[in-house]
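These notes are about the structure you will find just below.
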Amino acid sequence: MGRVDLPVQPPLEPMLAKAQATVPADEGVWSFEPKWDGFRALVFRDGDDVVLLSRSGKDLGRYFPEVIDAVRDELAPRCVLDGEIVVPREIAGRTRLDWESLSQRIHPAESRISMLAEQTPAHFIGFDALAVGDDSLMRAPFRDRREALRESVAEKQWCHLTRTTEDPELATRWLAEFEGAGLDGVIAKRLGGTYLPGKREMVKIKHHRDADCVAIGYRVHKSGEGVGSILLGLYREDGELQMVGGAASFTAKARLALLADLEPLRIGDDLRDGEPSRWNSAADKRWVPVRPERVCEVAYDQMEGNSQHGLRFRHAVKFLRWRPDRDPSSCTFDQLDVPLNYDLYDVLEK
């Protein structure tokens with residue numbers, strides 16, 4: 001990792017978002033922007049010295065050398081920006097974000113990284129400014145940081161500025177309109193809010209509820225071939241990893257691919273007993289524990305339980321993809337859209 005002399009220094013946790021079902025309606029309070037489907041990245045530029053950090057503090061520079069070059073060419077000489085690394089690709093005559101091409105960039109071989117940097121070059125999309133020149137903007141309101149961001153991105157070919165609006169109705173339309181471009185929701189930021197590293201002070205409104213979970217084990221498919229289900233965990237406030245449910249319903253091809261992903265992480269020859277199935281008492285619920293090193297994104301409908309220690313997914317969830325850009329320690333309960341507690345008699349007709 002390079003060294004930079006800036007008013008805001010790496011490493012730094014980015015500000016995070018908490019899920020919400022609808023776009024906040026109070027006008028004059030929020031700024032809305034598309035939620036980009038890429039790798040979160042903090043850019044620190046001090047002349048030719050550039051540091052590119054992931055959400056968990058990992059050095060992304062070796063995986064995206066073309067982004068380092070783009071930063072030197074297209075951003076302000078001294079700045080710290082928050083944004084997203086994405087890979088656009090023309091699909092069916094339209095330019096969309098290509099998650100598969102992006103995720104392939106996290107590869108250990110330098111020769112492959114160089115090849116992919118040419119074949120599927122990445123772009124940087126800025127959406128916040130933390131410092132410009134000798135001035136830290138961490139305590140400045142977002143409306144001022146946005147102006148500083150606009151002046152810091154010389155939007156040319158590889159670095160861009162995200163679109164924003166203060167109109168809740170337009171933001172609500174974006175939820176549907178931008179989905180076709182490969183985006184997956186809307187982010188809301190308080191216009192008067194300061195930048196709070198590691199805090200879930202932003203709001204994200206997505207097309208579905210999703211969560212990043214740690215793969216903690218798997219069950220073998222009833223056919224004996226491949227993975228039948230992946231057991232998922234989230235970290236509690238006390239640091240303990242709690243099982244919250246499982247992802248299932250994979251194709252035969254996917255079952256074998258998932259086994260290849262998880263088998264190397266197996267913890268010895270251990271087999272653990274699971275909870276009996278509510279629907280099939282004959283089902284084998286034993287599972288294979290794995291080292292908690294891989295993060296997957298899942299889609300879910302509802303949580304159940306009325307406290308953090310008892311929360312779990314109500315139904316089996318849908319495995320969406322592996323998240324090589326996520327650190328397992330970031331998979332905590334505070335990312336979830338938690339169910340409201342209610343009394344049955346408040347719901348029944350009186």
Side-chain angles (χ1 to χ4, degrees), residues 12-26 29-43 53-57 80-86 97 99 102 124-130 137-138 140-143 145-146 149 161-168 170-172 174-176 178-179 181-213 234-235 237 295-300 303 308 311 320-321 323 325-339:
L12 181 74
E13 288 186 86
M15 187 160 65
L16 303 175
K18 189 174 182 69
Q20 184 170 306
T22 57
V23 172
D26 28 347
V29 175
W30 301 93
S31 173
F32 305 99
E33 60 194 55
K35 185 181 184 305
W36 297 91
D37 191 16
F39 288 177
R40 185 76 174 272
L42 290 172
V43 172
L53 293 186
S54 75
R55 172 172 145 168
S56 60
V80 180
L81 304 186
D82 187 0
E84 201 96 355
I85 295 174
V86 300
L97 300 186
W99 172 261
L102 177 67
F124 175 75
I125 299 171
F127 45 62
D128 211 332
L130 283 58
L137 302 173
M138 300 280 283
F142 176 68
R143 58 169 61 89
R145 301 201 308 273
R146 171 72 186 178
L149 174 68
L161 193 66
T162 193
R163 185 176 176 184
T164 63
T165 182
E166 295 180 28
D167 181 358
L170 178 57
T172 301
W174 282 357
L175 275 173
F178 287 166
E179 188 174 11
L183 293 102
D184 64 348
V186 167
I187 291 286
K189 299 175 181 175
R190 292 185 181 275
L191 285 163
T194 59
Y195 194 91
L196 299 171
K199 303 294 185 184
R200 293 189 181 274
E201 292 297 318
M202 304 185 296
V203 169
K204 62 179 177 182
I205 308 96
K206 301 189 70 173
H207 300 292
H208 56 257
R209 288 187 174 105
D210 69 357
D212 293 332
C213 297
L234 291 173
Y235 282 100
E237 287 183 0
V295 174
C296 63
E297 181 181 353
V298 301
Y300 69 98
M303 301 293 294
Q308 178 172 293
L311 278 176
L320 297 177
R321 55 191 176 178
R323 293 296 311 224
D325 58 319
R326 295 284 195 262
D327 191 273
S329 64
S330 70
C331 298
T332 57
F333 279 89
D334 64 358
Q335 68 182 301
L336 299 175
D337 189 6
V338 177

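In this chain, residues are counted from 1 in sequence order.
- Side-chain atoms of Glu297 never come within 3.5 Å of backbone atoms of Leu320 as a donor-acceptor pair (strictly under, hydrogens ignored).
- The backbone N or O of Met15 lies less than 3.5 Å from a partner atom in the side chain of Tyr195, making a donor-acceptor pair.
- Using a 4.5 Å heavy-atom cutoff, the side chains of Arg163 and Ile125 are not in contact.
- For the atom pair CZ (Phe127) and CD1 (Ile187), the distance works out to 7.5 Å, reported to the nearest 0.5 Å.
- By the 4.5 Å heavy-atom criterion applied to side chains, Phe32 and Pro168 are counted as neighbours.
- Looking only at distances, a side-chain donor or acceptor of Arg145 sits under 3.5 Å from a matching main-chain atom of Ala140.
- With rounding to the nearest 0.5 angstrom, the CG atom of Asp167 is 9.0 Å from the CH2 atom of Trp174.
- Formation of a donor-acceptor pair under 3.5 Å by the Arg200 side chain with backbone atoms of Ala17 is found in this model.
- The CG atom of Leu161 lies 4.5 Å from the CG atom of Leu149; values are rounded to the nearest 0.5 Å.
- Side-chain atoms of Lys35 never come within 3.5 Å of backbone atoms of Ile205 as a donor-acceptor pair (strictly under, hydrogens ignored).
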Would Leu130 and Leu137 count as a side-chain contact (heavy atoms from CB on, under 4.5 Å) here? Give the steps.
CA-CA 5 Å; Leu130 283 58; Leu137 302 173; 5.7 Å; no
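- Here Ile85 contributes atom CD1 and Asp325 contributes atom CG; the two are 9.5 Å apart, rounded to the nearest 0.5 Å.
- Side chains of Glu201 and Thr194 form no contact here, defined as non-hydrogen atoms less than 4.5 Å apart.
- Asp212 pairs with exactly one of Arg326, Arg323, Arg40 by the salt bridge (Lys or Arg N to Asp or Glu O under 4.0 Å) rule, that one being Arg326.
- The shortest side-chain heavy-atom distance between Asp210 and Lys204 falls under the 4.5 Å cut-off.
- Using a 4.5 Å heavy-atom cutoff, the side chains of Ser330 and Gln335 are not in contact.
- Closest heavy-atom contact between Gly38 and Trp99: O-CZ3, 3.9 Å.
- Note that CG of Leu234 is 9.5 Å distant from CG of Asp334, once rounded to the nearest 0.5 Å.
- Electrostatic pairing of Lys189 and Glu33 counts as a salt bridge here, judged by a charged N lying under 4.0 Å from a carboxylate O.
- A distance of 12.5 Å separates CZ in Arg190 from CE in Met202, rounded to the nearest 0.5 Å.
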